[in-house]
> 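First, the structure itself, so that you have it in front of you.
In what follows, chains are A, B, ... by sequence order, proteins preceding strands, each numbered from 1.
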2 protein chains.
Amino acid sequence: MTHKSAITIKDVAQAAGCGVATASRVLNNSGSASADVRERVETAARDLGFSFSAIGRALQSRRSMTIGCLVPSLANPVFAEAVQGVQAELQGSGYQLLISCSNYDEAADDAALEMLLSKDTDALIATMVAPERSAALQLAGRRGIPVALMFHDPMEGFVTSYVDNVEAAREVARQFARLGHRRTGFLALRFSTSDRSRNRYAGFLAECRAGGLPDPALIEIGEAEARQPDRLAVILGQHPGLTAIFASNDFLAIALQNAARLLGWRVPQDMSVAGFDGIEIGRLLEVPLATIETSPEAMGRQAARLLLERLQGGAPVQPPALSFHFRAGATLAPPTPGKGDDGRVAAQPPSAPPAETAQQG
Amino acid sequence: MTHKSAITIKDVAQAAGCGVATASRVLNNSGSASADVRERVETAARDLGFSFSAIGRALQSRRSMTIGCLVPSLANPVFAEAVQGVQAELQGSGYQLLISCSNYDEAADDAALEMLLSKDTDALIATMVAPERSAALQLAGRRGIPVALMFHDPMEGFVTSYVDNVEAAREVARQFARLGHRRTGFLALRFSTSDRSRNRYAGFLAECRAGGLPDPALIEIGEAEARQPDRLAVILGQHPGLTAIFASNDFLAIALQNAARLLGWRVPQDMSVAGFDGIEIGRLLEVPLATIETSPEAMGRQAARLLLERLQGGAPVQPPALSFHFRAGATLAPPTPGKGDDGRVAAQPPSAPPAETAQQG
DNA sequence: ACAAGCCATGGAAACGTTTCCACAGGCCCG
DNA sequence: CGGGCCTGTGGAAACGTTTCCATGGCTTGT
């Protein structure tokens, strides 16, 4: 108790007057032991305040009971929630979570993964800049370490927990089109380092084309513009003809509205906006945000479950994409005739009330 | 490479035709070795794809190079950012982060801490429901494991990284009073499990009294009310006389405005609102949120730094509280005369323009 | 009453690493 | 030319645990 530490099973065995093997059996409830010695060992362990050394155990069992988790950043609530989901699912399984962040840096990604691997993690969960190029990820696979990806589309050799960004983005495009929007834009943050962002654009673009609409404008911005409304406003001002913009995430969608306000544009009258992710605050705003609702928490849970199954000997099996859900919001309305656009009225004016939801998955 | 795994230093030594001791010395650049054998060992290690087993090392060195971190939940961006700060500060130190969440449950708190301890973590960072009652925390202290708290006020026997919630809340009360508000309220979520919430109320109450104002109404709500605007509106409707409400965090402040809207109250004309934390979205809203800005990221970084210093042999030293900053916002205005209140005009009408900021720490 | 089996038990090996120690050879200096 | 001292090297112990195996005593069935 008052000692520095270091009460090993050897101390317990000595205090109980038995061998370490016996003490181990008693404390693990494995093998047999007489009531007598069982009592002595348990008392000794309690009195000495003994607790197992996970390291000793790990060394002998070749399992660290640790799962490594790599995400771009915990400052992004989407990833934080996913990790929370992983954590929740791991509760009670005996596995602990070792986390690492890459800050959206591809080199850091690989380095962090290697670090986790060198820590003898029993399994890995990762969201990366470019999983398809990651040497460390390949290495993990070759070593037979179970790996689950999160947020990424299915990829040869790895299971993943994901939402179909392409399909979700198509849904947004359909909503825009149904309201009569023709000149649209896609506002992207971290386009080069996020396959999610790229997939959303790809889906949006594909559906616009499928609907006979002009290609959406791709507006790429950096961190700085995202958090400085005046700078974002300048960029937005360079795209005057757009009547609806799809932002690659909800935070961006809110920042976008702020920038629009600086330009004197009203949402949704002068410009419609849709986001992605479905963060809860979006629902509470004075003008509720139209967005694609997803559940990062469920994604984390699923990824963790996939790993646990494999750790228990199951075969890797790729589950279907998680469902998403279009959340209607007041940031979305038909374009004001004559404003910005080329003046043509939408081919299909919104006769039906806006669909509340679209399910997929 | 194609093997399951398990290339140990023994294999490297064998391949290089030397003893394991020599291989260890070469690979660690400790002790001496001839250029000849050095070359052979390095080649062998590279060819075999050898990497050290952290477990073997930990067992022998008695240091796991792992730091445990316990927070209530990663779904709360405040804690997620703090962990991100911890993570960032630990980068390059060689320490890895083992995280656990208690979901605001006191029993889970203690269990999780014990779990982390049993994993042989070299140090601990924790935010708990009740650190002063935690047996596991005491145990860690007795074992000589460096511990740093986060978000908690200084506490005998432990260093902590924190912001002075009492003082910050007093600042909010002063801002309210300066604008002429008299009948105020404090909206609290998780009052019983969060000393932060309680301290904020305590400071708010103290300053109201110091300013000769009536005691603020304490409005406690649960998770359910926080995320269902209609239910929150019902509760809010039971407190008709209040002209300004201080919400214990920004999310709550936004939900509160939503509820007010449902009641037909305008913010700030019918009711002023202030939050706490300073989340970024608050700045981007159409009606920017008045709040206390803090930096959870800095808190995490500081906590991590404290631990690293102690792990390098430094003595524990309690740093001063981190600074906070009152962020003015459009949710705050003088009360409309005659509305709700007892009709008396504030003793000190706001002659000076609202102070932009208040610094502390 | 004796063989066969079961139960309780402890010694020892193994896991992967670092480090202490011992040993051998070569060098310098007296 | 011999003693002391570095340098390079490898064997072995230690870290804390689990598990294999051997041992010895006891029970059970014939």
> Between C/dC15, D/dT9, C/dT17, which nucleotide gets closest to the side-chain atoms of A/Arg62?
C/dC15

> Take atom CD1 of B/Ile9 and atom C1' of C/dT19, then tell me their distance rounded to the nearest Å.
12 Å

> Contact class for B/Ala21 vs. all strands (heavy atom < 4.0 Å): base, sugar-phosphate, or nothing?
base

> Base, sugar-phosphate or nothing for A/Thr22? Non-hydrogen atoms, less than 4.0 Å.
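A/Thr22: base contact, heavy atoms under 4.0 Å.
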
> Could you tell me whether B/Glu42 and B/Arg38 have a side-chain N and a carboxylate O separated by less than 4.0 Å?
no

> OP1, OP2 of D/dT18 versus side-chain N and O of A/Ser24: anything below 4.0 Å?
yes

> Given atom CZ of B/Arg40 and atom P of D/dG8, what is their separation to the nearest angstrom?
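Rounding to the nearest Å, CZ of B/Arg40 and P of D/dG8 are 14 Å apart.
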
> B/Lys10 NZ to C/dT18 C1': how many Å, rounded?
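Whole-Å distance recorded here is 13 Å.
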
> With DNA chain D as reference, determine whether B/Gly56 or B/Arg38 sits nearer its 5' end, using the nearest nucleotide of each.
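By nearest-heavy-atom nucleotide position, the 5'-most residue is B/Arg38.
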
> Is a salt bridge present between A/Glu297 and A/Arg301, judged by a nitrogen-to-oxygen distance below 4.0 Å?
yes

> Please pick, from C/dG10, C/dC15, D/dT17, the nucleotide with the shortest atom-to-atom distance to any side-chain atom of A/Leu59.
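Minimum distance to the A/Leu59 side chain belongs to C/dC15.
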
> Rounded off to whole Å, could you give me the CG-to-P distance for the A/Asn28 and D/dG16 pair?
16 Å

> Please give, in whole Å, the distance from C/dT18 C1' to B/Met65 CE?
15 Å

> Within the modelled atom types, does a donor on one side and an acceptor on the other bring the side chain of B/Arg25 and the base of D/dG10 under 3.5 Å apart?
yes

> What is the separation between atom CG on B/Asp11 and atom P on C/dC15, rounded to the nearest whole Å?
10 Å

> Rounded to whole Å, how long is the line connecting atom CZ of A/Arg63 with atom P of D/dT19?
12 Å

> Distance check: side-chain N/O of A/Ser34 vs OP1/OP2 of C/dT9, anything under 4.0 Å?
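Checking A/Ser34 against C/dT9: at least one side-chain N or O falls below 4.0 Å of OP1 or OP2.
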
> Take atom CZ of B/Arg57 and atom C1' of C/dC15, then tell me their distance rounded to the nearest Å.
16 Å

> By nearest nucleotide on DNA chain C, pick out whichever of B/Ile55 and B/Ser30 is the more 5' one.
B/Ile55

> Name the closest nucleotide to the A/Phe52 side chain, picking from C/dT9, C/dG16, D/dT18.
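My answer, after comparing the listed nucleotides, is D/dT18.
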
> Could you please name the option among D/dT17, C/dT17, D/dT7 that lies closest to any side-chain atom of B/Ser32?
D/dT7

> Sort out for me which residue in B/Leu311, B/Ile99, B/Thr121 forms a side-chain contact (heavy atoms from CB on, under 4.5 Å) with B/Ile67.
B/Leu311

> Do any N or O atoms from the side chain of A/Thr127 and from the backbone of A/Met150 form a donor-acceptor pair under 3.5 angstrom?
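Side chain of A/Thr127 to backbone of A/Met150: a pair is present.
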
> On a heavy-atom basis, which atom in A/Ala45 and which in A/Leu27 lie closest, and how many Å separate them?
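Of all heavy-atom pairs spanning A/Ala45 and A/Leu27, the closest is CB-CD2, 3.9 Å.
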
> Among C/dT18, C/dG10, D/dT9, which is the nearest nucleotide to the side chain of B/Val20?
C/dT18

